[in-house]
Enquirer: 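Mind looking over this structure? Questions follow.
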Amino acid sequence: MSSLKGLQLIPSVEVEHHKVENYEELESKLEFSPLLYSSLERHLSSNLLNSSRDNKVQFMSDILLGYSPLSERIRTQKQNEYRQRIISNYQPLHSMLYTMKATNFFVPSFIKAISENSVESFRKIICEPYPGVLSFEMLQPRFCEMLLEEVENFEKWVRETKFRIMRPNAMSKFGAVLDDFGLQNMLQKFMEDFILPISRVAFTEVGGSTLDSHHGFVVEYGMDKGVDLGLHVDDAEVTLNVCLGKHFTGGDLFFQGVRCEKHMNTETRPEVKVFFTFFNSLSNYSTHGARATTSGRRTNLLIWCRSSVFREMRKYQTDFSSWCAECKRDEEERMLQKLATLKISAVSSL
């Protein structure tokens, strides 16, 4: 297997001026997703970065094969075949959604903040109603309308063709995976160019600066669909959650603190339960859920953003008290117990 000396944790300054190779045309020959190769290329050392594409593919494939079990590679291959069957037969309604064009997608204030790319520019558009949850105006209303229409068109095609589709996750029986019908590349660019700049500043402790893959989908709630969503933690380092519409009541989000893997299923203490009625947010590892949608229909866009680097590092980490509320609370309780023991010992020695 190739030496890991050819990789670096933080992309060098040289990467900013480097044009990443196009691996999509090699998709049929690659062991893994072309997007994974594009993301990993950013972490190559300078000598490899400037080598031929074939050399880079060989180097990265050797590394990925070393970390990916056969079962995972078979699953990825089946997923690619499944997506290709859909893309070959489904006719998109709004072709402009499939190529990133910032002015068609985002409101001017958001584009300005991203282009300036500074803490100060982000502060102008962002509020933090709860620790680890950022709220801001982001998407153009017309973009939200078109995305809803595209999803409805895809679901109509599914019904007419009786094509059996995979749902977004185990919790969501109603909705669709956007990556499955051709929006994968657009959403990857969405994450890299418009989510990563903010998460790099706001969520460094939980992998926000090394996001390299995503899972993009919509979920639907209504009286004839799932009405609520129980307490959970997303399979993501950072999540973008945007309400696309339409008319509804209820559906408030609630947050109960940032959790590490150890404390994901720990019973929540009542004093940290907070409800919100906003639906445009970026958050990290926050334990959260959604109250019942009492009328109408609600559809949300979610992009789960993941960092393979952070997940690998997390395997060797034991202390998460810098960002896990429960770990911090446990540490504070241990300190109080230690102080109480010292006081008792001091009194006994008198």
Enquirer: When you check the side-chain N and O atoms of Q188 and Q184, is any donor under 3.5 Å from an acceptor?
Expert: no
Enquirer: Contact between E220 and E155 at the side-chain level, heavy atoms closer than 4.5 Å - yes or no?
Expert: yes
Enquirer: To check you understand the geometry: which heavy-atom pair defines the closest contact between S51 and N55, and what is its length?
Expert: OG-CB, 3.9 Å
Enquirer: At what distance, to the nearest 0.5 angstrom, does NE2 of H94 lie from CG of L147?
Expert: 9.5 Å
Enquirer: I'd like to know whether D212 forms a salt bridge (Lys or Arg N to Asp or Glu O under 4.0 Å) with R42, so could you lay out the CA-CA distance, the side-chain angles of the two residues, the decisive distance to 0.1 Å, and finally the verdict.
Expert: CA-CA 10 Å; D212 54 19; R42 300 174 188 275; over 6 Å; no
Enquirer: Can you hop from Y90 to I87 via hydrophobic side chains spaced under 4.5 Å?
Expert: no
Enquirer: Is it the case that Q58 and D62 place a side-chain donor and acceptor less than 3.5 Å from each other?
Expert: yes
Enquirer: Considering only heavy atoms from C-beta outward, does the side chain of V238 approach that of W304 to under 4.5 Å?
Expert: no
Enquirer: Looking only at the side chains, is there a donor atom on one of N47 and S45 sitting less than 3.5 Å from an acceptor on the other?
Expert: yes
Enquirer: Within this structure, what is the OG-CG distance for the pair S308 and L64, rounded to the nearest 0.5 Å?
Expert: 8.5 Å
Enquirer: May I ask you to decide whether E192 forms a salt bridge with K189, counting only side-chain N to carboxylate O separations under 4.0 Å?
Expert: no
Enquirer: Under the side-chain contact (heavy atoms from CB on, under 4.5 Å) rule, what do I86 and F154 come out as? Steps first, then yes or no, please.
Expert: CA-CA 10 Å; I86 294 175; F154 174 67; 3.8 Å; yes
Enquirer: If only atom types and distance count, is the side chain of K56 paired as donor or acceptor with the main-chain N or O of L48 below 3.5 Å?
Expert: no
Enquirer: Can a donor-acceptor pair be found, under 3.5 Å and without considering hydrogens, that links the side chain of H215 to the backbone of A236?
Expert: no
Enquirer: Check for a donor-acceptor pair, side chain of R53 on one end and backbone N or O of N22 on the other, with a separation under 3.5 Å.
Expert: yes
Enquirer: Using distance alone, with no hydrogens and no angle criterion, decide if Y37 and E21 have a side-chain donor and acceptor under 3.5 Å apart.
Expert: no
Enquirer: Keeping N89 on the side-chain end and R85 on the backbone end, is there a donor-acceptor pair under 3.5 Å?
Expert: yes
Enquirer: Is the side chain of N117 donor-acceptor paired with the backbone N or O of A113 at a distance under 3.5 Å, no angle test?
Expert: no
Enquirer: Is the closest side-chain heavy-atom distance between N185 and M100 below 4.5 Å?
Expert: no
Enquirer: Are L211 and S199 close enough, and set up right, to give a side-chain contact (heavy atoms from CB on, under 4.5 Å), and what steps lead you there?
Expert: CA-CA 9 Å; L211 303 178; S199 69; 3.3 Å; yes
Enquirer: Give the minimum heavy-atom separation between P197 and F122, together with the two atoms involved.
Expert: O-CE1, 3.5 Å
Enquirer: Nearest 0.5 Å, please: how far is CZ in F59 from CG in L40?
Expert: 8.0 Å
Enquirer: Could you go step by step and tell me if W157 and F181 meet the ring pair (Phe, Tyr, Trp, His ring centres under 6.0 Å) rule?
Expert: CA-CA 11 Å; W157 175 81; F181 58 92; 9.0 Å; no
Enquirer: Is a donor on one side and an acceptor on the other found under 3.5 Å between the side chain of T204 and the backbone of V201?
Expert: no
Enquirer: Is the shortest heavy-atom distance from the side chain of F110 to the side chain of L139 under 4.5 Å?
Expert: no
Enquirer: Does any N or O in the side chain of D179 come within less than 3.5 Å of the main-chain N or O of G216, such that one atom is a donor and the other an acceptor?
Expert: yes
Enquirer: Assess the residue pair V218 and L148 against the criterion (side-chain contact (heavy atoms from CB on, under 4.5 Å)); give the C-alpha distance rounded to whole Å, side-chain angles, the decisive distance to 0.1 Å, and a yes or no.
Expert: CA-CA 9 Å; V218 295; L148 273 174; over 6 Å; no
Enquirer: What distance separates K112 NZ from E116 CD, expressed to the nearest 0.5 Å?
Expert: 3.5 Å
Enquirer: Can you see which heavy atom on M146 is nearest to which on L97, and at what distance?
Expert: O-CD1, 3.7 Å
Enquirer: So, the side chain of T299 versus the backbone of L244: is there a donor-acceptor pair under 3.5 Å, distance only?
Expert: no
Enquirer: Check whether any side-chain heavy atom of V57 lies under 4.5 Å from a side-chain heavy atom of L26, and answer yes or no.
Expert: yes
Enquirer: Give me the ring orientation class for F143 and F105: parallel if the planes are under 30° apart, tilted from 30 to 60°, perpendicular past 60°.
Expert: tilted
Enquirer: Any idea which heavy atoms bring L302 and V219 closest together, and the distance?
Expert: CD1-CG2, 3.4 Å
Enquirer: Is there a donor-acceptor contact under 3.5 Å from the side chain of E150 to the main chain of L93?
Expert: yes
Enquirer: Return the CG to OH distance between L183 and Y98, rounded to the nearest 0.5 Å.
Expert: 4.5 Å
Enquirer: I need the minimum non-hydrogen distance between C305 and I195, along with the two atoms involved.
Expert: SG-CD1, 3.8 Å
Enquirer: What verdict does the salt bridge (Lys or Arg N to Asp or Glu O under 4.0 Å) test give for R142 and E145, after you've listed the backbone C-alpha separation in whole Å, the side-chain angles of each residue and the deciding distance to 0.1 Å?
Expert: CA-CA 5 Å; R142 180 55 186 150; E145 290 171 5; 3.2 Å; yes
Enquirer: With a 4.5 Å cut-off on side-chain heavy atoms, are F203 and I198 touching?
Expert: no
Enquirer: Test side-chain contact (heavy atoms from CB on, under 4.5 Å) on E41 and M60 and set out the steps.
Expert: CA-CA 8 Å; E41 182 177 334; M60 291 187 286; 4.3 Å; yes
Enquirer: What's the separation between atom CD in Q84 and atom CD in Q79, rounded to the nearest 0.5 Å?
Expert: 12.5 Å
Enquirer: Do M138 and F106 have side-chain heavy atoms sitting under 4.5 Å apart?
Expert: yes
Enquirer: When you measure from the side chain of E237 to the backbone of G208, do you find a donor-acceptor pair of N or O atoms at a distance under 3.5 Å?
Expert: no
Enquirer: Looking only at heavy atoms, what is the nearest atom pair of L178 and L187, with distance?
Expert: CB-CD1, 3.8 Å
